[in-house]
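Here is the structure we will look at, set down as structure tokens.
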Amino acid sequence: EDKVVQSPLSLVVHEGDTVTLNCSYEVTNFRSLLWYKQEKKAPTFLFMLTSSGIEKKSGRLSSILDKKELFSILNITATQTGDSAVYLCAVDHFQETSGSRLTFGEGTQLTVNP
Amino acid sequence: DSGVTQTPKHLITATGQRVTLRCSPRSGDLSVYWYQQSLDQGLQFLIQYYNGEERAKGNILERFSAQQFPDLHSELNLSSLELGDSALYFCASSVDRGTGNEKLFFGSGTQLSVL
């Protein structure tokens, strides 16, 4: 069964801390891994990773994929209260019977306290 | 703003009732996806439509159905509602070139409460 597992499920830090969020996966026909940030409602896209070892970076956020060990990490440096959100990891994989599918992990709830 | 529009934002209804959730995808996107997000679960894939036709089916109950119309908007119909159907229902859209590696853009969701 295809699955995406995120850890930790919940994380509380102080402003300025650095955090690392983990995502491991077991899917058939992997295509890409995506990170989303969900604040109040709609998840918003952060990164798409398709190749191992190539870091994607956007400001204080960065992410990397390891296709051999089947995991990805999302790093946030110098955290701010505005980073408080649920961070979702999703894997795009192909199924013969149903085509491309995006399977989400349960998410990591990050709370950044002032 | 993702460009994906969902209505209504909130729905409160009773058990046994039927509701319809509506989604307009981003301009130019051919694929529409429906997801359910409950408190104790992550985003669960329900169904995907591509250019009017069903493309993929996930954990969608038989009491639920969906369709995509010629103008590419989509509707998710939930019938014989149960308390456990209370959740946030998201619609997402993508261009879907059929090669994978699609970025999904999500609407703001419809919060359904079944009392």
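Given the structure is predicted, the values throughout are model-derived calculations rather than measurements.
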Self-check item: CD (Glu54(B)) with more than 12 external heavy atoms under 6.0 Å
Solution: yes
Heaviest contributor of heavy-atom pairs below 4.5 Å to chain A, chosen from Leu88(B), Val4(B), Leu43(B), is Leu43(B)
Ordered numerically, the heavy-atom neighbours of chain B under 4.5 Å found in residues 33-47 of chain A are Leu34(A), Tyr36(A), Gln38(A), Lys41(A), Ala42(A), Pro43(A), Phe45(A)
Applying the 4.5 Å side-chain criterion to the ILVMFWY set and letting contacts propagate, would Leu88(A) and Ile64(A) be lumped into a single cluster?
no
If one checks every heavy atom of Gln37(B) against chain A at 4.5 Å, the contacting part turns out to be side chain
Shared hydrophobic cluster for Leu81(B) and Leu76(B) (ILVMFWY, side-chain gaps under 4.5 Å)
yes
query = Is it true that atom NZ of Lys57(A) has more than 12 heavy atoms of other residues, nucleotides or ligands lying nearer than 6.0 Å?
reply = yes
CD of Gln48(B) to CG of Leu102(A), rounded to nearest 0.5 Å, is 10.0 Å
Hits for side-chain contact (heavy atoms from CB on, under 4.5 Å) against Val12(A), two or more places apart or cross-chain, chain-then-number order -> Thr111(A), Asn113(A)
Got a sec: does the CD1 of Ile12(B) have more than 12 other heavy atoms crowding it under 6.0 Å?
no
Problem - Shared hydrophobic cluster for Phe45(B) and Val32(B) (ILVMFWY, side-chain gaps under 4.5 Å) - result: no
Verdict with reasoning, Phe104(A) to Tyr35(B), per side chain to side chain contact (heavy atoms under 4.5 Å, CB included): CA-CA 10 Å; Phe104(A) 281 83; Tyr35(B) 283 85; 3.7 Å; yes
Do Tyr87(A) and Val19(A) sit in one hydrophobic cluster, given that two such residues count as connected whenever their side-chain heavy atoms are within less than 4.5 Å of each other, even indirectly? yes
